Every structure is written in structure tokens, then in C-alpha cells.
Amino acid sequence: MTEPKDVTVTVDLSDADREILTPDALELLADLHRTFEARRQELLAARESRYAELAAGGTLDFLPETREIREGDWQVAPPAPGLVDRRVEITGPTDRKMTINALNSGAKVWLADFEDASTPLWRNVIDGQRNLRDALDRQIDFTSEEGKTYALGDELATIVARPRGWHLPEKHILVDGQPMSGSLVDFGLYLFHCGQRQLDAGKGPYFYLPKMESHKEARLWNDVFVRAQDRLGMPQGTIRATVLIETYPAAFEMEEILYELRDHSSGLNAGRWDYIFSVIKKFRTRGRDFLLPDRAQVTMTVPFMRSYTELLVSTCHRRGAHAIGGMAAFIPSRRDAEVNKVAMAKVTEDKEREASDGFDGSWVAHPDLVPICRKAFDAVLGDRPNQLDRLRDDVHVTAAELLDVAATPGSVTEAGLRANISVGIQYLASWLRGTGAVAIFNLMEDAATAEISRSQVWQWLHNDVELEDGETVTRELVHRIVDEEIAKLPGDAADYADAKATFLDVAVSDDFEEFLTLPAYERMP
């Protein structure tokens, strides 16, 4: 293969890899990089500036300079084919088995994840693209080590690909000597190989956009869409994107994010764990005003989370956009029927609440949860594909309500501390081996798990939180529990050495960097 000028792929490519990294595909990636990299860096710098303002005592609020957008009369593009009815969406990585199972699951949409449920291991990046292409060509199958075979059925979910966030690099592809944006690599390769295939199938190239922190980042995505469609000869508006509102600043700019993407928008999603992590990250210097209890106690019904989800539904429906609910992460147990009974009841309650609140659909992590989610939304929707006509004019959420973390009920317990440590280390051990979606304690955990787990430990430690039993969270206590929890895990302590070091690098440090960028992301081969 002859690579375009000043484009370098730093790994040895197989013939199959070269089917994905064709000269024309690399030309598209290089063009996107050269056109947009400077703006991406400016926006990442703006994130840091905003954090510095918050650390110095600033706050978040609805933007006065965009009041006209919030008060204006405008709508996003009408729902695209395959995205009209989204009552059940399943999420998962793009490995071959998951690709088949997700498409066959009975869900309306599959979030094909190159982000939190995956890792930047090169094989995941490149093989995932091949799997999506092969699925659209119906040339995909899989046989497990036990001899079980998997093949596509007749009714398949609509694929919506999730690229990595703006802050993550792809170090294996260099343009003019610079690592590319992971976002642009994942987006560009999927659009190049699958965009026309999706159009030929009567749908289109659809995306979930993660980790955005401002409407200006949405504007960048929109400009990327416009340029990419032009280069590939696709009509403008072919691409559609659903934005995850999973950072604290983005909750104050929902209207503006929809507006920037209005010709390409297909809605917003409420991303629970990353949102909670972002609350801690953005206000980590503010002491107990933003102190949170055990992760399990921060439900979608606590005041600040309730305000966030109510605002999301009313914002979306006012603008003709879908509102998609949060994740049901439970993984059914093959051994414990009582665990399943209790968990399924909680999933049912959660999905019934979302449907009654006006959401148009919701996420599940396992095929067994698809019928539960579908039943909850069927009961509200009936034969209607969505409830975009339910405008929720009764919702009036203020900035103070979004910021009212202090009203969150609950406590910090030793069990909660142990759970964060154990789950965080187990997940990181898997992540560093290249697996980004892991079943732990009957929950499907992804990168957001690592973020919320370590950030809560950090927050409790740096606020001298006293546990319910009276013991104060100290570095010594964290180190002791880390060793005790590792001792409970299968294998030897040495098997978890890298995960332990990575977790402690930020969980007990006075520093607080992007967890999956530094140090974990850079440790990935």
C-alpha cells in the first residue's frame, strides 16, 4: 500500500487491515486532521480554561450570549430512517461476537462502541471497523471456542457508531508527524466504508457523540460532517448524530448543542456515570458542597440528576429531537435466581420511570434486558414510534437545581469504598489487556466505571470523609483495602499489579488528570 504523503501508520498491517486503511480512506483522515486539528486543540485548551475558572470559585450557568438560541423558534431535522422508533437500544463493543448478538438482540438500535466499551488497542480499532463493514455486507459469522456458532438473523438493529471523545488521540496514525484525533479516525473510517452501504440499505451513517463539554465542540463536529459529506459526495444531512449529555458543562448547553447540529441532529442521551464523574471533576476543589455518597445511592431520582433528565426531555422535545434514557447495566446471573429477580424489578422500575417521563427510548447492556425495556416503552407508546409530541411544558429547571448536588441523600460506607476499589481495579486489569466491557458483580462495566470509581475515592480521601462506621478515609486505609480486595480476586496479586498502580496513580494522588489518557491510555500498546 502507498500511504498518502506525510501519513504514517506505525504498526505492521495485514492484508485485511489494508482493506480498511486504503489510500483513499487515509486521504480522508489526513484531510480531516489538517482541516480541524488546530480547532480541536483550541477547544481542549478552552476546557482547561473553564476548569481553572471553576477551581478559582466560578460556577456553571446558562450562557447569556446564547439566550437568543434558547428563546428562538427552530427545530432539528426530522428523524432519519432507522431512527424514528428507538424505544430500545443496546450498547457494546464492536468485536465479532458482540456485533452479531447486538444486531440480533431485538433492540431497535445498536450503539457500536469504539469508546467507553472498547479500548484503544490497535486490533480493536481496526477489527471493529471491519466487523461493521462485514455486518452490513452480511458476511459475518463467529464460532466460539466451545463450537457455538453465531450468524445474523433477518431483523437487525440500526447501527449507530460511537467514536472516541475529542480528548483522545490515535497514536498509531500520524499526519504530518502528529497523532490523529481518535474521534476523527473512528468517524472517518466508519463513514468511508459504511456510509454508502447504510444509504444503500435505506438508512444512513449515524453516530453517538461522547464527552462534549460545549456547543462549540458540537459546532466542530457539524463542520466535520459537512466537509466529510462533501468529500464523499453525500448529500448534506445524510449524517445524523445523537449527543451524550454526560459532562456537567454540557447540561447547561443542551439547546445550543442541538442548534449547532440541527441539520444533523437525532437527539440527546442521558449518560449517568460519566455525568456523575464530571460533577466531581469540575468541582473537585469545592469541598463538601459537591460531595457525593456511595455510587449505588446516586440514582437518577436524586434532585440534581432528576433536574438533569427532566431538562433533557423537555429540551429535546421542544426541538423535535429524541430523548434517550440511561443505561440498564445489569447482567443476568446464570446461578442466582434471587439476584435476577431483584435486579430485573429495579430495571423495570427504571425503564417505566423513563417512559413515563417522556423519554423516547433507553439503553440496555444485555439482550435479556431488551424485552423488559421494550415492554416499559410499549406500555406508554403503544403503536406510536416515539413521544416527540409530549413537550413537557411543565418542566422549568434552573441552574441552581442542576447544581444542587448538596441535596443528594445518602452516606459513604466502607462497603461503597470497597466496591469502588474492587470494581475499579478489576475493570482496569481487563482494560489494560484490551477488553473495555466487563461483567463485574452482575453489572456490565465500562470506562465510565473506572472514572467514577477512582474519582469517588479521590473525593472522599481529599475531603477527609468519615465512613458510617466512624473510620476516616485516608491514604493508608485506601492502600490497605486495595490489597485486601485484590487478595479476594482470582489469580495472583502480580496479575493486578499494573491495574493497582494505574488506579492508585490518580485515586490517592494530589493530581487529577484525565484517567484514561494519563496514565492508562498511554500504557496501551
Side-chain angles (χ1 to χ4, degrees), residues 1 9 11-29 80-83 89-115 117-163 170 172-173 185-208 228 232-234 238-240 366-367 370 434-437:
M1 179 183 74
V9 181
V11 294
D12 293 331
L13 300 179
S14 67
D15 290 342
D17 294 344
R18 294 177 194 278
E19 294 177 10
I20 301 301
L21 292 178
T22 65
D24 287 345
L26 288 171
E27 284 282 8
L28 174 64
L29 297 186
L83 293 180
E89 302 192 353
I90 192 168
T91 74
T94 55
D95 62 87
R96 216 158 179 85
K97 178 181 175 182
M98 181 65 193
T99 296
I100 298 168
N101 283 344
L103 290 173
N104 288 341
S105 66
K108 293 291 187 179
V109 167
W110 170 38
L111 186 156
D113 200 4
F114 290 93
E115 196 228 9
S118 189
T119 75
L121 190 71
W122 177 248
R123 288 265 54 89
N124 292 344
V125 172
I126 202 74
D127 288 351
Q129 295 286 349
R130 185 184 308 108
N131 292 337
L132 296 185
R133 180 204 63 183
D134 290 351
L136 291 174
D137 290 343
R138 284 189 167 269
Q139 294 181 353
I140 188 171
D141 55 30
F142 177 79
T143 302
S144 70
E145 293 181 356
E146 298 78 22
K148 185 177 180 180
T149 59
Y150 299 79
L152 293 179
D154 295 327
E155 296 292 327
L156 304 181
T158 296
I159 296 173
V160 180
R162 178 162 69 169
E170 177 45 70
H172 300 101
I173 301 179
V185 170
D186 299 338
F187 161 78
L189 291 177
Y190 180 73
L191 184 68
F192 183 88
H193 289 288
C194 297
Q196 190 59 49
R197 283 177 164 89
Q198 289 281 33
L199 289 172
D200 293 344
K203 296 182 179 179
Y206 306 142
F207 297 90
Y208 258 108
L232 296 180
M234 293 180 180
T238 297
I239 295 170
R240 296 299 176 87
H366 192 278
V370 168
T435 300

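Small disclaimer: the values here were computed from a predicted structure and weren't measured.
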Backbone N/O of D134 and side chain of Q139: donor-acceptor pair under 3.5 Å: no

Please name all residues satisfying side-chain contact (heavy atoms from CB on, under 4.5 Å) with S118, sequence neighbours left out, ordered by chain then number. N124

Closest non-hydrogen atoms of N131 and T99, given as atom of the first, atom of the second and distance, are CB-OG1, 3.9 Å

List in chain and number order the residues that pass side-chain hydrogen bond (donor to acceptor under 3.5 Å, both in side chains) with E146, two or more places apart in sequence or in another chain; answer none if no residue qualifies. S144

Nearest non-hydrogen partners of G202 and P81, listed with the distance: O-CB, 3.2 Å

side-chain hydrogen bond (donor to acceptor under 3.5 Å, both in side chains) partners for Y206, two or more places apart: none

Should W110 and L132 be marked as a side-chain contact (heavy atoms from CB on, under 4.5 Å) after you check the CA-CA gap, both sets of side-chain angles, and the distance that decides it? CA-CA 11 Å; W110 170 38; L132 296 185; 3.5 Å; yes

With sequence neighbours left out, what residues match D200 under side-chain hydrogen bond (donor to acceptor under 3.5 Å, both in side chains)? Q196

Taking all non-hydrogen atoms of both residues into account, name the closest pair between D186 and P163 and its distance. CB-CB, 3.5 Å

Could you list all the salt bridge (Lys or Arg N to Asp or Glu O under 4.0 Å) pairs where at least one residue sits in residues 119-129, not counting sequence neighbours? D17-R123, R123-D127, D127-R130

Can you tell me how far apart CG (L121) and CD1 (I126) are? Round to the nearest 0.5 Å. 12.0 Å

d(L26 CG, R18 CZ) to nearest 0.5 Å is 10.5 Å

Between L189 and I20, what is the shortest heavy-atom contact and its length? CD2-O, 3.9 Å

How long is the straight-line distance from CG of L83 back to NZ of K108, given to the nearest 0.5 Å? 12.0 Å

Quick one: are the ring centres of Y190 and F114 less than 6.0 Å apart? no

Could you pull out all residues at least two apart from A107 that satisfy side-chain contact (heavy atoms from CB on, under 4.5 Å)? V88, I90, S105, V370

Pairing residues for D141 by the side-chain contact (heavy atoms from CB on, under 4.5 Å) criterion, not counting sequence neighbours: none

The residue among V125, L21, V11 that forms side chain to side chain contact (heavy atoms under 4.5 Å, CB included) with I173 is L21

Partners meeting side-chain contact (heavy atoms from CB on, under 4.5 Å) with T238 (sequence neighbours left out): L199, P205, Q229, M234, P235

Sequence neighbours left out, cut at 3.5 Å: what donor-acceptor pairs do the side chains of residues 147-160 make with other protein atoms?
unit_1: T158; atom_1: OG1; unit_2: G82; atom_2: O; d: 3.0
unit_1: T158; atom_1: OG1; unit_2: K203; atom_2: NZ; d: 2.9

Using the side-chain hydrogen bond (donor to acceptor under 3.5 Å, both in side chains) criterion, which residues pair with R162? Sequence neighbours excluded. D113, E115

All ring pair (Phe, Tyr, Trp, His ring centres under 6.0 Å) counterparts of F192, not counting sequence neighbours: none

Ring pair (Phe, Tyr, Trp, His ring centres under 6.0 Å) against H172, all qualifying residues, sequence neighbours excluded: W122

